[in-house]
Amino acid sequence: MSDPLYERDLAADALDLVALAARPYLDGLQERPVHDRAMDGLLDELGGPLPERGDGTLGGVERLIRVGTGAATHSSGPRFFHLVVGGATPAAMAGDWVASLLDQNAGLWLASPLASRAETVVLGWLKELFGLPAGFGGVLTPSATVAHVTGLACARQWWAERHGVDVAARGLAGLPPMPVFSSGLVHASTRKALQILGCGRDTLRTFERDDAGRVDLAGMDAALAEAGGPAVIVANVGEVNAGDSDPVEELADLAERHGAWLHVDGAFGLFAALSPRTAHLVRGVERADSVTADGHKWLNVPQESGFSFVRDPELLRGAFGSWGAAYLTAGDGERVNYNELGVESSRRARALPIWASLRAYGREGYRAMVERHLDVAAHLGALVERAPDLELLAPVQLCVVCFRYRPEGVPEERLDGLNARLGEALVADGRVYAGTSLYRGMRAFRPTALNWRTTETDVERLVEVLRELGATLTRT
Ligand SMILES: *Cc1c(COP(=O)(O)O)cnc(C)c1O
């Protein structure tokens with residue numbers, strides 16, 4: 001049978017298959033390796049020509065479950081420390097299934113009052129969680145990168161208005177480059193957003209006072225004075241190599257003094273606001289004009305979740321609204337059309353997993369989780385300091401630990417190569433995942449602990465496996 005109409009009665013059976021597979025999969029996540037290379041052969045089953053006659057609903061889904069649960073990178077388990085990747089809390093994952101079950105188009109109030117209201121509610125909760133003013137506008141995005149595009153599109157709108165141009169209507173032609181200033185902690189996705197927005201990624205200038213990229217405030221101050229006109233400052237809370245943060249309060253002072261726009265990248269760092277132990281790192285964020293954060297990192301909701309907050313909600317509408325298709329109805333304060341406030345038009349109800357998770361665990365649950373991760377990172381830092389063949393490269397900040405493998409007798413000039421090979425060996429081994437980066441010119445590991453499942457035992461395992469593979473590498 002080919003037409004899905006004739007398989008209408010199997011819709012729930014197909015979901016039952018997924019639910020049945022979920023229990024052993026989720027139960028196994030605690031113990032299984034992050035990646036089992038022996039399963040890679042399954043990937044071939046994804047290929048082949050487009051079937052003329054399909055496998056039918058259950059056949060197709062069965063195959064996907066078999067290949068998927070075998071060959072996936074089990075990054076939602078507790079020992080994926082690579083990149084900056086969260087898991088999905090039990091409630092968030094179930095909330096995501098509900099979003100799939102209901103399959104709402106969350107672009108227009110008319111299409112789904114449920115999705116629109118849920119988005120308004122979770123944006124309000126998130127502002128509370130992070131201590132952002134209730135009056136900020138906001139929109140859920142698929143990622144921090146798209147949240148950057150959103151916030152910086154508003155910055156661009158604001159900046160062009162100061163040059164007498166409605167950039168949403170007229171474009172950038174005839175305007176000078178938009179000056180954008182940041183520290184060396186800036187994430188590549190900020191440049192990508194500028195590249196997408198036609199501002200050019202190379203227009204971003206960094207002001208650094210040391211090789212860790214910490215901000216040179218005096219240099220930035222002078223450049224802002226020299227720029228004369230409106231400019232954009234990007235402050236970074238939670239950098240990906242060592243978890244470092246810019247002094248947001250000082251950058252907010254600079255922005256105020258020069259009439260500049262302040263954009264904050266708090267992709268995961270914004271969650272420092274949840275604990276009194278780290279809240280000082282985000283002090284001043286409430287003075288920002290636009291703020292980026294991720295849901296699929298420290299909030300631990302499934303992939304494709306980010307948020308953008310913008311002080312002046314009208315700028316969101318200016319940058320993204322009024323595209324005027326005749327079949328669309330205008331929204332209002334109550335009945336919000338989120339497709340007028342962000343990049344996407346049709347979009348999924350990504351508010352639902354966020355709602356489910358915040359409802360399930362509340363401020364207290366999230367604070368406990370964040371503080372556990374702070375402890376786990378500190379524990380990892382201590383393990384590194386105690387190990388004779390590991391070298392901590394930066395004080396532990398937030399949930400990132402930056403270190404390298406440095407066994408006795410290996411000369412400095414060979415350490416970068418050794419650590420790069422160890423990084424590859426670790427990923428090939430698959431029991432735990434962590435990757436390397438360049439920190440102050442050194443090849444270094446930078447595991448991040450922000451998955452809700454991750455505990456101290458998991459970072460102990462990371463150290464064990466890393467030292468074991470390191471010893472093998474140095475012997476050969
Ligand atoms: C992950 C990250 C981003 C990009 O986030 P995506 O969700 O992958 O687009 C931006 N900034 C920082 C600091 C990050 O850690």
Side-chain angles (χ1 to χ4, degrees), residues 73 75-76 80-88 92 126 130 138-153 155 180 182-197 201 204 206 212-215 232-246 248 251 262-273 278 281-282 285 288 290-309 342-344 347-348 350 353-354 370 373 377 394 397-402 433-435 437-439 446-451:
T73 303
S75 48
S76 52
F80 187 92
F81 301 104
H82 208 337
L83 311 168
V84 184
V85 172
L126 290 167
F130 300 129
V139 65
L140 299 179
T141 66
S143 65
T145 302
V146 180
H148 281 330
V149 171
T150 309
L152 292 171
V180 186
S182 191
S183 73
L185 305 186
V186 68
H187 190 267
S189 60
T190 298
R191 291 187 191 275
K192 181 173 180 179
L194 292 168
Q195 148 183 354
I196 293 166
L197 288 166
R201 60 171 182 260
L204 186 144
T206 60
R214 270 172 285 210
V215 67
V232 176
I233 298 173
V234 178
N236 309 283
V237 183
E239 173 269 351
V240 294
N241 282 330
D244 209 350
S245 296
D246 287 324
V248 183
L251 290 172
L262 180 65
H263 174 78
V264 174
D265 178 359
F268 66 92
L270 201 57
F271 289 77
T278 44
L281 295 172
V282 293
V285 171
S290 53
V291 179
T292 285
D294 253 324
H296 53 218
K297 290 181 180 169
W298 224 341
L299 192 64
N300 279 265
V301 302
Q303 294 299 315
E304 294 211 1
S305 188
F307 11 99
S308 169
F309 298 107
V343 173
E344 302 160 287
R347 52 211 286 281
R348 74 188 261 107
R350 61 175 63 91
I354 299 175
V370 163
H373 290 140
Q397 301 177 76
L398 285 171
C399 51
V400 189
V401 183
C402 186
Y433 256 45
S437 179
L438 276 182
Y439 179 71
R446 37 156 307 277
T448 308
L450 44 66
N451 182 303

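Excluded from the calculations below are hydrogen atoms, water molecules and symmetry mates; all remaining heavy atoms, backbone and side chain alike, are included. All ligand and atom numbering here is 1-based and tracks the order in the structure. From a predicted model like this one, the values you see are computed outputs, not experimental measurements.
Close contacts between ligand 1 and Ser143 involve ligand atoms 6 (P), 7 (O), 9 (O) [criterion: under 4.0 Å to a heavy atom]. Counting the atoms of ligand 1 from 1 in the order shown, those under 4.0 Å from a heavy atom of Asp294 are 1 (C), 5 (O), 6 (P), 7 (O). Set against the non-hydrogen atoms of Phe268, the atoms of ligand 1 under 4.0 Å away are 15 (O).
Looking at atom 12 (C) of ligand 1, its nearest protein heavy atom turns out to be Ala267 CB, 3.3 Å. Ranking the protein heavy atoms by distance from atom 11 (N) of ligand 1 puts Asp265 OD2, 2.8 Å first. With respect to atom 10 (C) of ligand 1, the closest heavy atom belonging to the protein is Ser189 OG, 3.0 Å. The protein non-hydrogen atom at the shortest distance from atom 9 (O) of ligand 1 is Thr145 OG1, 2.5 Å. Given atom 1 (C) of ligand 1, the protein heavy atom at minimum distance is Lys297 NZ, 1.3 Å.
Between His82 and Ser75 there is no side-chain heavy-atom pair separated by less than 4.5 Å. In this structure, Val400 and Asn241 have side chains that are not in contact, with every pair of non-hydrogen atoms separated by 4.5 Å or more.
At a heavy-atom distance under 4.0 Å, atoms from both the backbone and the side chain of Ala144 approach ligand 1.
Atom CZ of Phe268 and atom OG1 of Thr448 lie 6.0 Å apart (nearest 0.5 Å). Distance OG1/Thr292 to CG/Leu152: 6.5 Å, rounded to 0.5 Å. Rounded to the nearest 0.5 Å, atoms NE2 (His373) and CG (Asn300) are 6.0 Å apart.
Heavy atoms of Gly238 approach ligand 1 to within less than 4.0 angstrom. For Glu239, the heavy-atom gap to ligand 1 stays at 4.0 angstrom or more.
Checking only distances, His296 does come within under 3.5 Å of ligand 1, N or O to N or O.
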Practice task
Please test Ser305 against Asp294 for side chain to side chain contact (heavy atoms under 4.5 Å, CB included), starting from the C-alpha separation and ending with a verdict.
Solution key: CA-CA 6 Å; Ser305 188; Asp294 253 324; over 6 Å; no
Practice task
Give the C-alpha distance, both sets of side-chain angles, the deciding distance and a yes or no for side chain to side chain contact (heavy atoms under 4.5 Å, CB included) between Asp244 and Arg214.
Solution key: CA-CA 8 Å; Asp244 209 350; Arg214 270 172 285 210; 3.6 Å; yes
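Aromatic rings of His263 and His148 (six-membered ring for Trp) have centroids within the 6.0 Å cut-off, being under it.
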